[in-house]
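These numbers were taken from a predicted model, which means no experiment stands behind them. Numbering of residues begins at 1 and proceeds along the displayed sequence.
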Amino acid sequence: MFGVKTLRTVGPAVCRRGASVLWKPTRTQSRTQSAAAGQRVDIGGIYPPIATPFTQKEDVDYQKLDENLQKYAKIPFKGLVVQGSNGEYPYLTEEERVEVVRRVRLALPTDKLVMAGSGCESTKATVVMTERMAGAGADLVLVVTPCFYKGMMDSRALVHHFTQVADSSPVPVVLYSVPANTGLDLPVDAVVRLAQHPNILGLKDSGGDITRIALIVHKTKPQDFQVLAGSAGFLMAAYSVGCVGGVCALANVLGREVCELEQLCVSGRWEEASALQQRLIEPNTAVTRKFGVPALKQAMEWFGYHGGTCRSPLQPLSEAESQQLRLDFSTNGWLEGDRGRD
């Protein structure tokens with residue numbers, strides 16, 4: 001399940017099925033970059049977008065990170081997403097972002113993929129960060145839509161941005177649309193155009209609009225494009241319309257259960273999948289759009305992981321919020337009484 005599967009190898013200049021133009025590496029690209037661009041990696045499976053543990057002084061706690069990684073290595077994840085939204089990447093320095101990825105790659109078994117968030121606001125900075133993430137050992141990069149000037153981020157601007165990044169990236173690129181944080185969706189027409197690029201493997205869509213996701217899956221089939229659900233809350237629905245996996249915050253806490261849902265969907269056991277999906281919706285909502293990263297980190301502590309504090313300006317949950325979070329887990333059978341799970 002965890003091996004890298006090459007779906008298709010293409011040369012430096014190739015027109016994939018359905019592509020309207022030839023894609024060619026620039027003269028500045030190395031042979032390694034061109035070869036990497038030709039690899040079609042199977043990214044299907046479940047990925048937790050891991051949290052970044054901090055000390056009480058808000059320094060990255062690499063010891064606790066390593067302890068979390070040792071536990072995640074025993075769960076049947078396809079890999080880990082590092083420096084995604086749940087990793088508090090906007091609050092980390094460039095050096096911290098790269099170092100966390102390096103530590104994760106060293107600690108994680110080689111049969112599990114490391115997908116590193118390399119998105120920055122400018123194209124130039126994203127190109128540089130992408131190269132640094134690849135140098136730190138990332139197998140893939142996850143590139144979020146730039147959003148500070150979101151009113152100007154139309155399809156033309158975004159296609160240009162992602163194309164420039166993919167042209168120069170030493171490793172394959174996964175697009176990342178997360179409108180709850182960026183205030184914009186990556187337009188469907190832009191996704192369809194970008195899917196033709198041989199170094200862009202797929203999309204993580206966190207918006208939750210199943211009709212949009214289904215349309216993207218449908219329109220990008222000729223390109224072997226792979227779509228990942230961005231939340232456990234709609235994972236079953238995403239699989240039903242052709243998604244190949246999910247990047248799920250809840251997997252940081254209920255990793256085996258999210259992987260079980262994946263297997264039920266893949267094997268077509270939809271009635272069992274439906275029952276499990278329903279029990280995951282409330283806790284998933286609690287650690288995402290309701291209470292966010294502070295709730296995810298609190299729940300991790302209850303379930304035997306190191307969540308710890310957030311980096312300021314994020315604040316810990318209030319007592320009332322913490323009680324509601326516990327209720328969202330306990331009423332669905334994931335916590336019993338006042339005790340967490342070992």
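- Val253 is not listed as a side-chain neighbour of Trp302, based on a closest heavy-atom distance of 4.5 Å or more.
- If you check the side chains of Gln164 and Ser168, you find no donor sitting under 3.5 Å from an acceptor.
- Look at Glu95 and Arg132 and you find a salt bridge, because one of the NZ, NE, NH1 or NH2 atoms lies within 4.0 Å of a carboxylate O, short of that distance.
- Inter-residue side-chain proximity for Gln315 and Cys310 is flagged as unmet; no heavy-atom pair is nearer than 4.5 Å.
- Here the side chain of Lys204 pairs no donor or acceptor atom with the backbone of Val178 at under 3.5 angstrom.
- Side-chain atoms of Thr130 come within 3.5 Å of backbone N or O of Thr126 as a donor-acceptor pair.
- The same ILVMFWY cluster, assembled from side-chain heavy atoms under 4.5 Å apart, contains both Val266 and Leu280.
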Show the numbers, then the answer: is there a side-chain contact (heavy atoms from CB on, under 4.5 Å) between Glu58 and Tyr91?
-> CA-CA 10 Å; Glu58 297 189 8; Tyr91 297 164; over 6 Å; no
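- Annotation: ring pair (Phe, Tyr, Trp, His ring centres under 6.0 Å) contacts of Tyr239 (sequence neighbours excluded): none.
- With Thr93 contributing its side chain and Glu96 its backbone, the two residues share a donor-acceptor pair below 3.5 Å.
- Residues Tyr176 and Ser206 approach most closely at CE1-OG, 3.7 Å, considering heavy atoms.
- We find that Glu67 and Lys64 are not joined by a salt bridge, their nearest charged nitrogen and carboxylate oxygen being 4.0 Å or further apart.
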Would you check, one step at a time, whether the test salt bridge (charged side-chain N to carboxylate O under 4.0 Å, His left out) holds for Glu260 with Arg256?
-> CA-CA 6 Å; Glu260 180 185 355; Arg256 293 190 184 278; over 6 Å; no
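- Of the possible donor and acceptor atoms, one in the side chain of Ser240 sits under 3.5 Å from a partner among the backbone N and O of Ala237.
- With a 6.0 Å radius and a threshold of 12 heavy atoms from other residues, nucleotides or ligands, Glu121 has its CD atom above the threshold.
- Between Asn252 and Ile50, some side-chain heavy-atom pair lies under the 4.5 Å cut-off.
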Chi angles and distances behind the side-chain hydrogen bond (donor to acceptor under 3.5 Å, both in side chains) call for Ser231, Asn284 = CA-CA 8 Å; Ser231 175; Asn284 179 77; 2.9 Å; yes
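- A continuous path of hydrophobic side-chain contacts links Val241 to Ile46 [ILVMFWY only; heavy atoms under 4.5 Å].
- By the 30° and 60° cut-offs, the orientation of the rings of Tyr305 relative to Tyr72 is parallel.
- To the nearest 0.5 Å, atom NE2 of residue His161 and atom CG of residue Leu175 are 9.5 Å apart.
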Worked check of side-chain contact (heavy atoms from CB on, under 4.5 Å) between Leu203 and Ser177 = CA-CA 8 Å; Leu203 164 73; Ser177 182; 4.2 Å; yes
Working for side-chain contact (heavy atoms from CB on, under 4.5 Å), residues Gln70 and Asp66 | CA-CA 6 Å; Gln70 291 178 35; Asp66 188 63; 2.9 Å; yes
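- Around NZ of Lys290, the count of heavy atoms belonging to other residues, nucleotides or ligands within 6.0 Å exceeds 12.
- Between the Gln277 side chain and the Leu235 main chain, a donor and an acceptor come within less than 3.5 Å of each other.
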Check step by step if side-chain hydrogen bond (donor to acceptor under 3.5 Å, both in side chains) holds for Ser267 and Gln263.
-> CA-CA 6 Å; Ser267 61; Gln263 288 302 308; over 6 Å; no
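- Between Leu113 and Lys78, some side-chain heavy-atom pair lies under the 4.5 Å cut-off.
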Contacts under 3.5 angstrom, residues 144-153 side chains, donor-acceptor by atom type, not counting sequence neighbours:
none

Determine, stepwise, if the pair His306 / Met300 fulfils side-chain contact (heavy atoms from CB on, under 4.5 Å).
-> CA-CA 6 Å; His306 297 296; Met300 287 175 65; 5.8 Å; no
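- Although no hydrogens or angles enter the test, the distance criterion places a donor-acceptor pair under 3.5 Å between the side chain of Trp334 and the main chain of Arg279.
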Going through the checks in order, is the side-chain hydrogen bond (donor to acceptor under 3.5 Å, both in side chains) test met by Asp61 and Thr55?
-> CA-CA 6 Å; Asp61 193 326; Thr55 67; 6.0 Å; no
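- The only option from Lys297, Arg97, Arg311 that meets the salt bridge (Lys or Arg N to Asp or Glu O under 4.0 Å) definition with Glu88 turns out to be Lys297.
- Open room surrounds CZ on Arg193; 12 or fewer heavy atoms of other groups in view lie less than 6.0 Å from it.
- Proximity of a side-chain donor or acceptor of Glu131 to a complementary backbone N or O of Val128 within less than 3.5 Å is not detected.
- No continuous path of ILVMFWY side-chain contacts below 4.5 Å connects Val287 to Ile281, so the two sit in separate hydrophobic clusters.
- A salt bridge links Arg212 to Asp205: at least one charged side-chain nitrogen sits closer than 4.0 Å to a carboxylate oxygen.
- Here the side chain of Gln226 pairs a donor or acceptor atom with the backbone of Val41 at under 3.5 angstrom.
- Side chain of Asn199 to backbone of Ser169: a donor-acceptor contact under 3.5 angstrom is found.
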